[in-house]
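Per chain, numbering begins at 1; letters A, B, ... match sequence-line order.
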Amino acid sequence: MLNVASIVTRVADVVATVARWVIGLCLFALLAAVATQIFGRHVLHSTPSWTEVFASLMMTWLSFIGAAYAVRLDENMAIAVIPEALSGWARTILLVIIGIVGMIFGYLLLDASIEQLSLLGSSTIIGLGISTQWLYLSAPIAAGLMLLFLAERMLLALVTRDGPATKNEVSL
Amino acid sequence: EKDIVFAHVFAANSLEQETAEVFAKKVAEFSKGELKVTVFPASQLGGWNQIATQQRSGAVHVTIISTSALGSFSPLATVDVWPFIFETREQFDKAYASEDGKAFFKAIEAESGYRVLAPTYKGFRNVYLRHDADDLKGQKIRVPGLPIVLRSFEAWGASPTPMDMAEIYTAMQQGVVDGIEIEAQTALSSGMGDVTKTVLMTKHMMPNYAFIFYGAWLDELPEAERVALEQASAEASKYFADKIAIAEAQALEAFKPKGANIKEVDLNAMKSQVSGLDKEFPDQYGWVKRLQAAAGMN
Amino acid sequence: MIPFGIFIVTLIIGVPTFIVIGITAFAAIGRLPHSVLIDQMTAALNNFPLIALPLFLLMGNLMTYGGITRSLVSFTNLFLGRIRGGLSLGAIGSATFFSTISGSAAADTSALGAVLIPAMKEDGYHPGYAGALIAAAGTLGSIIPPSILLVLYGVQTGTSIRGLFMAGVVPGITAALGMMGVALWTAFRRNYPKYPSPTAHEAVKATVGAIPVLLLPLIILVGIISGFFTITESAGVAVLYALLLIVAKGRFKFEAIANIFMKSGIETAAVTIVIAASAALAWPLTRSQVPLHAANFILEHLSNPVLILFVVNLLLLFLGMFLAPAAALIIVTPLLTPLGAALDVDPLQLGLMIVFNLNLGLIVPPIGESLFITARIAGTSYVTQVKECLPFVAVNLIVLMLVTYWPPMTTAFPALVGY
Ligand code: NA
Ligand code: NA
């Protein structure tokens with residue numbers, strides 16, 4: 001079990017690093033789009049038609065990927081009164097149950113978003129000229145990340161018994 | 001009894017909602033109670049893009065909207081927003097009732113999968129400005145982000161500005177945009193009466209409303225049910241068509257007591273300014289020509 | 001009933017909130033296409049006005065990193081320092097002022113929280129209290145004009161938007177004053193700091209030090225009032241300004257700045273994913289017509305208008321607890337408009353009642369979205385935020401009762417200016 005856990009953790013580490021950069025870049029791109037929009041309207045006297053659409057697209061990716069990333073660090077909002085009150089095996093069992101609920105959701109999300117993607121093959125995002133699938137692709141990717149990170153957390157909970165160390169604030 | 005879901009994006013006390021209710025009544029009547037329509041107004045089940053996707057999955061069955069809303073599925077559908085495509089309502093009615101009109105909707109369905117039924121006139125689009133002006137030159141105008149509309153307003157010397165409808169009211173109030181181009185009824189219901197000083201009667205666009213279904217879903221229905229829906233669309237469309245002229249005039253009239261000047265503009269000059277669009281959008285222009293010919297124009 | 005059970009159980013055992021709401025939505029949609037829920041979530045996120053949230057959070061994190069907010073504390077205390085809890089009064093005042101330019105509670109809360117929560121913490125306020133106060137004051141963003149929620153109501157019902165804006169003024173100011181009362185009371189009870197009169201030298205030093213921070217609201221204000229940019233765009237300008245200050249201070253380091261972008265993105269996602277999940281849950285709820293049946297039930301079985309309005313408020317509060325205000329508003333407005341007409345309630349009053357009530361859901365458990373935002377900024381647990389916010393919720397409930405049962409509260413001011 002220890003071995004499996006360490007392999008999963010190593011994979012998750014790499015994936016999480018990529019995800020973090022994607023999140024940062026999304027926010028940067030969003031900012032750049034807003035700046036371009038103001039610049040275009042006042043300096044070039046023509047508002048680019050892609051900026052608003054593009055900023056919203058970045059907002060969507062940022063939210064889905066960010067939420068999945070936060071699953072790994074247990075940084076999503078939750079009412080953690082009971083998990084914090086428990087310790088030892090009771091806490092491990094509860095963490096595993098929470099993990100299972102999360103994985104059920106992750107699976108439903110993945111399944112539904114693949115269905116959604118299949119409905120939108122022929123549609124394009126007006127203003128960007130790319131397939132609407134680019135918008136909805138953020139959901140299944142987030143679902144996949146969630147499943148990976150939840151598996152990692154559950155394994156760690158079982159191995160270390162007290163659950164993974166939480167609240168790994170992004171370092172500053 | 002089978003459930004039919006009718007979702008649309010217009011207010012719960014709008015003429016569009018009344019029309020949806022007429023549709024529901026007619027469907028019950030024509031299907032002898034076999035089909036039961038439930039109407040969800042005011043974007044309760046999602047905005048237009050959500051409704052369209054939900055039609056593909058079968059969660060929603062029918063809506064009422066302009067064909068240009070199908071623009072992300074079919075570039076042809078944006079022929080609807082071509083500047084000055086028709087000059088009178090008679091031309092509009094004649095064109096869409098013709099064989100070319102029907103061929104046009106077939107072409108849209110071939111590209112997008114959506115069936116467009118019973119199109120109806122829904123009013124001219126004019127420009128509502130927050131200050132006093134005589135033309136569009138140099139004005140920042142909020143427009144839908146469709147390429148044809150963007151290019152038209154650039155040709156008229158304006159600065160077209162795509163913007164979320166949720167931000168329009170404050171954007172108009174604060175002057176982030178100088179104006180918005182829209183139908184009179186929608187202008188009024190979006191609160192433009194409070195912030196409009198000038199209505200420029202540009203009459204630059206004459207979009208349609210239509211009953212839109214997903215073709216594959218409609219074709220899977222038993223013949224009798226499909227016919228009931230088609231007939232109900234036609235009847236409801238007639239109901240809307242009878243009321244719209246008065247509603248449009250009343251909405252425009254409502255701007256006057258609020259202090260707006262209604263100004264005529266040189267339409268011929270505007271028309272010649274957009275004459276270059278045909279080369280930029282040859283596919284759409286082909287259909288514009290056919291529809292105009294069918295309307296007896298040229 | 002089963003979806004509701006799933007909601008309660010998963011929430012209590014500590015499942016992340018967006019998963020709680022999301023899995024409830026999947027349970028509630030049953031055999032209808034699941035893809036609808038993805039569509040609803042994505043549509044809620046793919047929304048331009050929402051981008052003010054990450055940008056304001058980013059601005060706050062950049063300013064904290066640059067050490068720019070610290071000077072704000074001494075400057076504010078220059079004026080309000082002699083009053084016990086002066087900084088907290090200043091915070092509510094700033095929120096009220098910012099509400100007159102911002103149209104949403106999320107923008108208000110993130111913009112102010114990012115700057116003022118660290119400032120209050122530094123001045124010795126309980127972090128949970130600092131966060132709760134900003135979350136509560138931030139709700140004014142949707143009540144004091146302009147307001148995206150009131151625009152949404154106006155468009156959905158054809159009610160005059162300017163009339164609605166005017167109707168929001170008195171309830172908004174009343175709520176602000178009430179919250180200031182709570183702040184004063186808390187400051188005395190907890191003995192929050194109070195400063196002696198500053199010397200001239202101290203005053204000059206504090207003012208000069210605060211100039212870079214004070215320029216920021218000035219730039220935003222002038223930019224918006226002159227129509228140079230929208231409030232959403234102003235969030236972007238605020239970020240660029242904060243970056244400029246960091247460069248000027250010689251503190252620009254690529255790795256640190258990149259980390260701030262990532263951190264701000266993750267903070268944003270933790271909130272927006274809850275809003276998205278709530279939009280997903282709204283769909284099966286609407287489709288099942290449960291809210292419609294509830295509205296009809298009330299009209300059929302109750303006859304006393306006072307009681308009807310009370311029950312309507314309870315149902316709205318209940319809905320607001322679980323859904324984001326905009327998602328809930330879209331469901332209930334078409335249902336309550338005929339009910340309001342039957343009771344002869346002025347559309348302006350009804351609009352304020354609905355918006356004020358649903359907006360309160362931002363600071364009410366179990367899903368208080370604004371408290372999520374401020375818990376993150378303050379670095380406290382969500383439960384602490386909920387507890388610290390209760391006195392502010394109480395004040396808002398009193399204002400809600402006034403809005404509901406005393407028509408002049410909402411109609412007198414609009415009537416004065418011709419509505
Ligand atoms: Na406001
Ligand atoms: Na809520």
Side-chain angles (χ1 to χ4, degrees), chain A residues 20-21 23-28 30-31 34-35 37-38 41-42 52-53 55-60 62-71 73-84 94 97-98 101-102 104-105 108-109 111-113 115-116 118-119 135-136 138-139 169-172, chain C residues 10-20 22-23 26 33-39 41-42 45-48 50-51 54-55 58 65 228-229 232-233 235-237 239-240 256 258-274 276 365-367 372 375-376 381-383:
Chain A
R20 266 188 65 189
W21 278 95
I23 295 161
L25 284 173
C26 281
L27 186 49
F28 180 77
L30 187 157
L31 174 67
V34 173
Q37 181 166 307
I38 303 173
R41 193 169 63 235
H42 292 290
E52 205 177 293
V53 191
S56 311
L57 176 71
M58 289 299 104
M59 183 72 213
T60 310
L62 171 82
S63 301
F64 270 118
I65 306 298
Y69 181 86
V71 163
L73 303 182
D74 195 20
E75 286 211 350
N76 276 300
M77 293 302 155
I79 297 178
V81 179
I82 296 183
E84 273 166 19
L94 190 66
I97 292 173
I98 291 173
V101 173
I104 294 172
F105 175 70
L108 289 168
L109 195 68
D111 182 64
S113 46
E115 188 186 322
Q116 174 72 7
S118 72
L119 292 172
L135 176 63
Y136 290 94
S138 51
E169 277 289 344
V170 178
S171 60
L172 276 176
Chain C
T10 51
L11 187 76
I12 288 175
I13 64 169
V15 173
T17 314
F18 83 96
I19 296 180
V20 172
I23 210 163
F26 275 106
H34 285 188
S35 59
V36 169
L37 300 180
I38 303 295
D39 209 13
M41 289 181 86
T42 310
L45 298 169
N46 186 34
N47 171 1
F48 189 72
L50 196 60
I51 71 167
L55 290 176
L58 178 59
Y65 166 77
F228 202 76
F229 37 66
T232 312
E233 292 168 344
V237 174
V239 171
L240 294 178
N259 261 322
I260 293 175
F261 271 77
M262 295 168 188
K263 178 183 148 137
S264 309
I266 295 162
E267 282 177 359
T268 302
V271 177
T272 50
I273 201 69
V274 177
I367 317 288
F372 286 167
R376 292 215 135 236
S381 81
Y382 171 65
V383 177

Trainee: By a 4.5 Å heavy-atom criterion (distance strictly below it), what part of Ala55(A) contacts chain C: side chain, backbone, both, or neither?
Mentor: both
Trainee: For the atom pair CZ (Phe48(C)) and CD (Glu52(A)), what is the distance rounded to the nearest 0.5 Å?
Mentor: 5.0 Å
Trainee: To the closest 0.5 Å, what do you measure between CZ (Phe64(A)) and CD1 (Ile38(C))?
Mentor: 6.0 Å
Trainee: At a heavy-atom separation under 4.5 Å, does Leu94(A) approach chain C through its side chain, its backbone, both, or neither?
Mentor: side chain
Trainee: Shortest non-hydrogen contact from Pro54(C) to Met59(A)?
Mentor: CG-SD, 3.7 Å
Trainee: Hey, what's the ring geometry for Phe26(C) with Phe105(A), parallel, tilted or perpendicular (30° and 60° as the breaks)?
Mentor: perpendicular
Trainee: At a heavy-atom separation under 4.5 Å, does Tyr382(C) approach chain A through its side chain, its backbone, both, or neither?
Mentor: side chain
Trainee: Check each atom of Val383(C) against the heavy atoms of chain A and say whether the ones under 4.5 Å are side chain, backbone, both or neither.
Mentor: side chain
Trainee: How close do Val15(C) and Ile98(A) get, heavy atom to heavy atom, and via which atoms?
Mentor: CA-CG2, 4.0 Å
Trainee: Side-chain contact test, heavy atoms from C-beta onward, threshold under 4.5 Å: evaluate it for Gln116(A) versus Thr42(C) and give yes or no.
Mentor: no
Trainee: If you tally heavy-atom pairs under 4.5 Å against chain A, which of Ile13(C), Thr10(C), Thr268(C), Val271(C) wins?
Mentor: Ile13(C)
Trainee: Please report the shortest heavy-atom distance between Ala269(C) and Ala67(A), naming the atom on each side.
Mentor: CB-N, 3.4 Å
Trainee: Chain C: which of Ser56(A), Ala35(A), Ser118(A) shares the most heavy-atom pairs with it under 4.5 Å?
Mentor: Ser56(A)
Trainee: Does a side-chain heavy-atom distance below 4.5 Å link Asn259(C) with Arg20(A)?
Mentor: yes
Trainee: Checking heavy atoms, do the side chain of Leu25(A), its backbone, both or neither come under 4.5 Å from chain C?
Mentor: neither
Trainee: Kindly give the heavy-atom pair with the smallest separation between Glu115(A) and Pro33(C), and that separation in Å.
Mentor: OE2-CB, 3.9 Å
Trainee: Kindly compute the distance separating CE (Met262(C)) from CG (Leu27(A)), expressed to the nearest 0.5 Å.
Mentor: 10.5 Å
Trainee: What part of Val101(A) gets within 4.5 angstrom of chain C, counting heavy atoms only: side chain, backbone, both, or neither?
Mentor: both
Trainee: Could you pull out the closest heavy-atom pair between Asn76(A) and Pro16(C), with the gap in Å?
Mentor: CB-CB, 4.0 Å
Trainee: Given heavy-atom pairs under 4.5 angstrom as the criterion, report whether the side chain, backbone, both or neither of Asn46(C) touches chain A.
Mentor: both
Trainee: I need the single residue from Leu240(C), Ile51(C), Thr232(C) that forms a side-chain contact (heavy atoms from CB on, under 4.5 Å) with Val34(A). Which is it?
Mentor: Ile51(C)
Trainee: Regarding Arg41(A) and Glu233(C), does a basic nitrogen lie under 4.0 Å from an acidic carboxylate oxygen?
Mentor: yes
Trainee: Which one wins on heavy-atom pair count under 4.5 Å against chain C: Val71(A), Ile104(A), Leu109(A), Leu57(A)?
Mentor: Leu109(A)
Trainee: What option among Ala68(A), Pro83(A), Cys26(A) has the most heavy-atom pairs under 4.5 Å with chain C?
Mentor: Pro83(A)
Trainee: For Ile12(C), run the side-chain contact (heavy atoms from CB on, under 4.5 Å) check against Val81(A), Ile82(A), Ile79(A) and tell me which one passes.
Mentor: Ile82(A)
Trainee: Ile65(A) versus chain C, heavy atoms under 4.5 Å apart: side chain, backbone, both or neither?
Mentor: neither
Trainee: Could you tell me which portion of Ile23(C) (side chain, backbone, both or neither) has an atom closer than 4.5 angstrom to a non-hydrogen atom of chain A?
Mentor: both
Trainee: Heavy-atom distances under 4.5 Å only: say whether Leu108(A) touches chain C with side chain, backbone, both or neither.
Mentor: both
Trainee: With a 4.5 Å heavy-atom cut-off, do Phe228(C) and His42(A) have their side chains touching?
Mentor: yes
Trainee: Side chains of Arg376(C) and Glu75(A), heavy atoms from C-beta outward: is any pair under 4.5 Å?
Mentor: yes
Trainee: How long is the straight-line distance from CG of Leu30(A) back to CG of Leu58(C), given to the nearest 0.5 Å?
Mentor: 9.5 Å
Trainee: Rounded at 0.5 Å granularity, tell me how far OG in Ser35(C) sits from OH in Tyr136(A).
Mentor: 9.5 Å
Trainee: In terms of heavy-atom proximity below 4.5 Å to chain A, should Ser381(C) be classed as side chain, backbone, both, or neither?
Mentor: neither
Trainee: Backbone N or O of Ile273(C) within a donor-acceptor pair of the Ser63(A) side chain at under 3.5 Å?
Mentor: no
Trainee: Side chain, backbone, both or neither: which part of Pro365(C) has a non-hydrogen atom closer than 4.5 Å to chain A?
Mentor: neither
